[in-house]
Amino acid sequence: MSVRIAPSLLSADFARLGDEVSAVIEAGADLIHFDVMDNHYVPNLTVGPLVCQAIKPYATVPIDVHLMVKPVDALIPMFAQAGASIISFHPEASEHIDRTVQLIRSHGVKAGLVLNPATPLSVLDHVLDQLDLVLIMSVNPGFGGQRFIESALPKIEAVRRRIEASGRDIWLEVDGGVNADNAARVAAAGADTLVAGSAVFTGGRYADSIRTLRERALAGRAQTFAHESSHA
Ligand code: DX5
Ligand code: ZN
């Protein structure tokens, strides 16, 4: 049983991005979460493949690219080339979800589908067996530092059940407003990968923040396993 912590660079110091990547990895990050926003699918505008390529030499852990862009397909080869290990996209941003998933996989990159707070689970119906990761948004995408939306918790539980039923090793990642206060509940609901932007970068004590998130998440998961085995 393990939990992955993925600091989101959205809350890092963009003038010192390479050093920030090194610092969070040194502090225990398992992944680097890289938020790509286009001022079209979401109101904000961030970074593209050039910046991904620039941080790649610093990233000794996988780069987890979260595409909040529409359309999405043209950027996939560019991010694969720039060193992405995982590419996730929003179904609303693709005309042909299955094609986009296959495009990601054809580049040897892990494929993820992202569910917004109001996106129904039915988008997973015919594509789950092609996915390496499901990303549940616990805020509406576009900005760091927003408040966690509680309705994400039953949704995480429902996706966890679907993943267990599939029998495949699909990661379940949660993104938005994750912090030390809710990490246990997020993990208890079934998440194994926690994105955290402001909770890691605010205050500057990266190792302490990552350790706390991991400890709370592991405690949350242990609780669920104990509960499940008592009902077995
Ligand atoms: C929001 C981004 C998140 C964001 C998380 O659209 O996808 O990755 O950076 O930031 P916090 O953890 O501060 O909510
Ligand atoms: Zn994100």
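One-based numbering along the sequence shown. Every number for a ligand or one of its atoms is a count from 1 in the order of the listing. All values reported here derive from a predicted model rather than from experimental measurement.
- Among all protein heavy atoms, the one lying closest to atom 5 (C) of ligand 1 is Asp175 OD1, 3.5 Å.
- For ligand 1, the atoms lying closer than 4.0 Å to a non-hydrogen atom of Gly176 are 14 (O).
- Remark: the His33 side chain and the Asp35 side chain contain an N/O donor-acceptor pair separated by less than 3.5 Å.
- Expressed to the nearest 0.5 Å, how far CZ of Phe79 lies from CD1 of Ile63 amounts to 10.0 Å.
- Ring geometry for His90 versus Tyr41: interplanar angle of 30 to 60°, hence tilted.
- Within 6.0 Å of CZ in Arg99 there are 12 or fewer heavy atoms belonging to other residues, nucleotides or ligands.
- Of all protein heavy atoms, the one lying nearest to atom 12 (O) of ligand 1 is Gly197 N, 2.8 Å.
- Note: an N/O pair closer than 3.5 Å links Gly145 and ligand 1 by distance alone.
- Of the heavy atoms in Ser8, only side-chain atoms (C-beta onward) come closer than 4.0 Å to ligand 1.
- Every atom of ligand 1 is numbered from 1 in the order shown, and the set under 4.0 Å from a heavy atom of His66 is 7 (O).
- Within a 6.0 Å radius of CD in Glu157, other residues, nucleotides and ligands contribute more than 12 heavy atoms.
- Considering the Zn ion (ligand 2) as centre, the angle to OD1 of Asp35 and to NE2 of His33 is 90° (10° rounding).
- Close approach of ligand 1 to Met68 is summarised as follows: ligand atoms under 4.0 Å from at least one heavy atom of the residue are 6 (O), 7 (O).
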Please assess Glu150 against Arg185 for the test salt bridge (Lys or Arg N to Asp or Glu O under 4.0 Å), listing each intermediate value before the final yes or no. CA-CA 10 Å; Glu150 293 288 328; Arg185 289 186 294 137; 2.8 Å; yes
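- Nearest protein heavy-atom neighbour of atom 6 (O) of ligand 1: Gly142 N, 2.8 Å.
- Close contacts of ligand 1 with Leu10, meaning ligand atoms under 4.0 Å from a residue heavy atom, involve 4 (C), 9 (O).
- Every atom of ligand 1 with a heavy atom of Gly177 under 4.0 Å away is listed here by number and element: 11 (P), 12 (O), 14 (O).
- Between Ser198 and Ser11, the closest heavy-atom pair is N-OG, 3.2 Å.
- Shown in contact with His33 at under 4.0 Å from a heavy atom are these atoms of ligand 1, numbered in order with element: 8 (O).
- Taking atom 1 (C) of ligand 1 as the reference point, the nearest protein heavy-atom neighbour is Phe143 O, 3.5 Å.
- Heavy atoms of other residues, nucleotides or ligands lying less than 6.0 angstrom from CD of Glu26 number 12 at most.
- Here the N, O or S atom of His66 that is nearest to the Zn ion (ligand 2) is ND1.
- With hydrogens left out, the protein atom closest to atom 2 (C) of ligand 1 is Asp35 OD1, 3.5 Å, a heavy atom.
- Closest protein heavy atom to atom 13 (O) of ligand 1: Ser198 OG, 2.5 Å.
- For CD of Glu92, the number of neighbouring non-hydrogen atoms (other residues, nucleotides, ligands) closer than 6.0 Å is greater than 12.
- Near Gly144, with a cut-off below 4.0 Å to any heavy atom, the atoms of ligand 1 are 10 (O), 13 (O).
- Taking every non-hydrogen atom of Pro141 and a distance limit under 4.0 Å, the qualifying atoms of ligand 1 come out as 6 (O).
- Of the possible polar contacts, none joining the Arg160 side chain to the Leu172 backbone as a donor-acceptor pair under 3.5 Å is found.
- In terms of distance to the Zn ion (ligand 2), the nearest N, O or S atom of Asp175 is named OD2.
- Here Leu133 contributes atom CG and Ile170 contributes atom CD1; the two are 9.0 Å apart, rounded to the nearest 0.5 Å.
- In the displayed structure, Lys56 atom NZ is contacted under 6.0 Å by more than 12 heavy atoms of other residues, nucleotides or ligands.
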